[in-house]
Number of protein chains: 2
Amino acid sequence: MDEKIAILRSAIGRFVAPTDQEWDMLAPWLSVKTIKKHELFCREGERADLVGFMLSGTMRHYYTRDGIEKTTYFYFENHFVSSYISCITGQPSQLTFEALAECELIVFPYHKMKQLFKQSILWQEFGRLIAEYLAKGLEERMAGLLMLSPEERYLALISSDKTKILERIPQHYIANYLGITPVSMSRIRNRVTKK
Amino acid sequence: MDEKIAILRSAIGRFVAPTDQEWDMLAPWLSVKTIKKHELFCREGERADLVGFMLSGTMRHYYTRDGIEKTTYFYFENHFVSSYISCITGQPSQLTFEALAECELIVFPYHKMKQLFKQSILWQEFGRLIAEYLAKGLEERMAGLLMLSPEERYLALISSDKTKILERIPQHYIANYLGITPVSMSRIRNRVTKK
DNA sequence: TGATTTTATTATCCTTTGTTATCGTTCCGG
DNA sequence: CCGGAACGATAACAAAGGATAATAAAATCA
């Protein structure tokens, strides 16, 4: 347990450097949670109030439209996972989070986090930096969608895949992620490998 | 001047409620700036350090790729405008901001803002809420790009255009914003109005 | 005002993607 | 270990968007 906490602490350290005292404000609310393959971390329509940190496993999140799932993001070990927009707005989540492989998480309730924001400028700063990090990632992703063709997006993904998406995620989910259909992605792969 | 400041203060009030004392931390760094039509607020390749609040006017921002401008956002009176990602990362801006109509802004340097973050939990919270607001908007926009067809995106825009984009922005910029070509957008308009 | 530039529409042609269906293969649960 | 479901590749066809060019309308500005 302690070493799991240590991993989280180091991940938080990428954003802020809490003192022991500040850390003790957070620690009581942490718990470990396991999610089996195909189980859900968060369900569409429900208000989310859980932020997780992935110790291991794989997760995807998807929107549902006309009964069709559109997968738009993947999560791996050592990263935070949450229906963050739902947490911050208090609105029902538009997203469903599903484990693609068994996940071990450290979780804490966002409403407790909000209390920390009020109590401590360090945790308030942490909240800011997390939101900025999120915004930065979304901005980059959106620029790719607006500026690049599907084929270019695929090429960009394979040439910068630090997160092992291609090895660990079924192709039809990746196609969703790139904003194209699985069939089209298969064609692109065919086209690209022949060059 | 004072009434301009009052407008900004009310806009900030949508996020936090500064006391007079907290407000005095910010006020010294505020100034009014005018940008004539076709002039730039921020230039690609330069590190941005300016956050603006639009009192009047219209602005767009665009990426440049192979010498082609891709307009991806518009700004109107009563909203904040900034190459925020560049401000928070300190990296050169990927975006250029151009006034489409003469703009009057209240501006303040982001590096001063960062000092306020350190000094005051209220301003730190303001920073968080701004970033969250940005993330929320980007998330929504990205979901649209991934889930909707160009025609659906156009229809979504015209049916929810609170920002007067359609009336005040040339169509070929809007086409960029929707991720399609101007010609394609013209076809969609034709198709849609016949129904 | 008149000339030039910018903007929007339309037509043509071509490429790409979406859709649907088929066919192996792999994966997984009973 | 077997059988059904999930997955990926491929084919055929339809629909849509991209590229280009021509034209018309509108805005800009000297």
Side-chain angles (χ1 to χ4, degrees), chain A residues 36-39 57-58 60 62-63 65-72 74 98-102 144-158 165-195, chain B residues 36-39 57-58 60 62-63 65-72 74 98-102 144-158 161 164-195:
Chain A
K36 293 214 175 60
K37 190 169 174 173
H38 294 135
E39 285 184 351
T58 315
R60 68 172 177 130
Y62 58 89
Y63 293 88
R65 186 173 143 78
D66 304 327
I68 310 279
E69 297 173 3
K70 293 277 186 185
T71 299
T72 63
F74 309 107
E98 182 204 28
L100 293 174
E102 176 161 324
L145 287 170
L146 285 171
M147 314 248 305
L148 304 179
S149 68
E151 180 169 328
E152 289 172 317
R153 294 203 289 276
Y154 174 76
L155 291 171
L157 176 65
I158 59 173
I165 289 180
L166 288 156
E167 293 140 41
R168 292 166 62 177
I169 305 288
Q171 277 185 32
H172 61 289
Y173 291 148
I174 301 178
N176 282 182
Y177 174 83
L178 294 173
I180 55 181
T181 62
V183 177
S184 178
M185 171 153 165
S186 180
R187 278 188 294 232
I188 288 172
R189 282 166 60 80
N190 185 312
R191 213 155 61 204
V192 162
T193 51
K194 277 181 183 160
K195 286 176 186 168
Chain B
K36 293 213 175 61
K37 190 169 175 173
H38 294 137
E39 286 184 353
T58 315
R60 66 170 178 134
Y62 58 90
Y63 292 88
R65 187 174 141 78
D66 304 328
I68 310 281
E69 296 173 5
K70 293 278 185 185
T71 298
T72 63
F74 309 107
E98 183 205 26
L100 293 175
E102 176 162 325
L145 288 170
L146 285 171
M147 314 246 307
L148 304 180
S149 68
E151 180 169 330
E152 288 172 317
R153 295 203 290 276
Y154 174 77
L155 291 170
L157 176 67
I158 60 174
D161 189 10
K164 299 157 192 154
I165 289 179
L166 288 157
E167 293 140 42
R168 293 166 61 176
I169 305 289
Q171 278 185 33
H172 61 289
Y173 292 149
I174 302 178
N176 283 180
Y177 174 84
L178 294 174
I180 55 180
T181 62
V183 176
S184 176
M185 171 155 166
S186 179
R187 277 188 296 232
I188 288 171
R189 281 165 60 81
N190 184 312
R191 213 155 61 206
V192 161
T193 52
K194 278 182 183 159
K195 287 177 186 170

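Chain letters run A, B, ... following the sequence lines, proteins first and then strands; every chain starts at 1. Values below: all heavy atoms of this structure, side chains included; hydrogens, waters and symmetry mates excluded.
The side-chain hydrogen bond (donor to acceptor under 3.5 Å, both in side chains) search around A:Thr72 returns A:His61, not counting sequence neighbours. Partners of B:Arg153 by salt bridge (Lys or Arg N to Asp or Glu O under 4.0 Å), not counting sequence neighbours: none found. With sequence neighbours excluded, no residue forms a side-chain hydrogen bond (donor to acceptor under 3.5 Å, both in side chains) with B:Thr181. Remark: B:Glu152 pairs with A:Arg65 by the salt bridge (Lys or Arg N to Asp or Glu O under 4.0 Å) rule, at least two apart or across chains. Every residue meeting the side-chain hydrogen bond (donor to acceptor under 3.5 Å, both in side chains) condition with A:Tyr63, not counting sequence neighbours, appears here in chain and number order: B:Glu139. With sequence neighbours left out, the salt bridge (Lys or Arg N to Asp or Glu O under 4.0 Å) criterion links A:Arg60 to A:Glu69, A:Glu98.
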What donor-acceptor contacts under 3.5 angstrom involve side-chain atoms of residues 167-179 of chain A, with partners at least two apart or in another chain?
residue	atom	partner	partner atom	Å
A:Arg168	NH1	A:Glu77	OE1	3.4
A:Arg168	NH1	A:Glu77	OE2	3.3
A:Arg168	NH2	A:Gly57	O	3.3
A:Arg168	NH2	A:Thr58	OG1	3.3
A:Arg168	NH2	A:Glu77	OE1	3.0
A:Gln171	OE1	A:Arg189	NE	3.4
A:Asn176	OD1	A:Thr71	N	3.1

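Bending across the helix from C:dT1-D:dA30 to C:dG30-D:dC1, expressed as the angle between its end axes from five pairs apiece, amounts to 60° (10° rounding).
Separation of atoms NZ (A:Lys37) and CD (A:Glu102) is listed at 10.5 Å; rounding is to 0.5 Å. For the atom pair A:Tyr154 OH and A:Ile180 CD1, the distance stands at 9.0 Å (nearest 0.5 Å). One finds the CE atom of B:Met185 at 8.0 Å from the CD1 atom of B:Ile188 (value rounded to the nearest 0.5 Å).
Look at CD1 on A:Ile68: it is 12 Å from C1' on C:dT19, rounded to the nearest Å. Distance CD (B:Glu167) to P (C:dA8): 14 Å, rounded to an integer number of Å. Between the P atom of C:dT7 and the CD1 atom of B:Ile174 lies a distance of 12 Å, rounded to the nearest Å. Between the P atom of D:dT28 and the CD atom of B:Glu102 lies a distance of 14 Å, rounded to the nearest Å. When rounded to the nearest whole Å, the span between CG of A:Asn176 and P of D:dC7 equals 11 Å. One can place CD of A:Glu152 at 15 Å from C1' of C:dT17, the figure rounded to the nearest angstrom. Residue B:Glu69 contributes atom CD, which lies 10 Å from atom P of C:dT7 at whole-angstrom precision. With rounding to whole Å, B:Leu145 atom CG is found 17 Å from C:dT17 atom P.
Sorted by first then second residue, the salt bridge (charged side-chain N to carboxylate O under 4.0 Å, His left out) pairs that include residues 169-186 of chain A, not counting sequence neighbours, number zero.
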Can you tabulate the close N/O pairs, meaning under 3.5 Å, that link protein atoms to atoms of nucleotides 25-30 of chain C?
residue	atom	partner	partner atom	Å
C:dC28	OP1	A:Lys37	NZ	3.1

Kindly give the atom pairs (protein nitrogen or oxygen, nucleotide nitrogen or oxygen) under 3.5 Å for nucleotides 8-17 of chain D.
residue	atom	partner	partner atom	Å
D:dG8	OP1	A:Gln171	N	2.8
D:dG8	OP2	A:Gln171	N	3.4
D:dG8	OP2	A:His172	N	3.3
D:dG8	OP2	A:His172	ND1	3.0
D:dA9	OP2	A:Gln171	OE1	2.8
D:dA9	OP2	A:Ser186	OG	3.3
D:dT10	OP2	A:Asn190	ND2	2.7
D:dA12	N6	A:Arg187	NH1	3.4
D:dG17	OP2	B:Arg191	NH1	3.0
D:dG17	OP2	B:Arg191	NH2	3.0

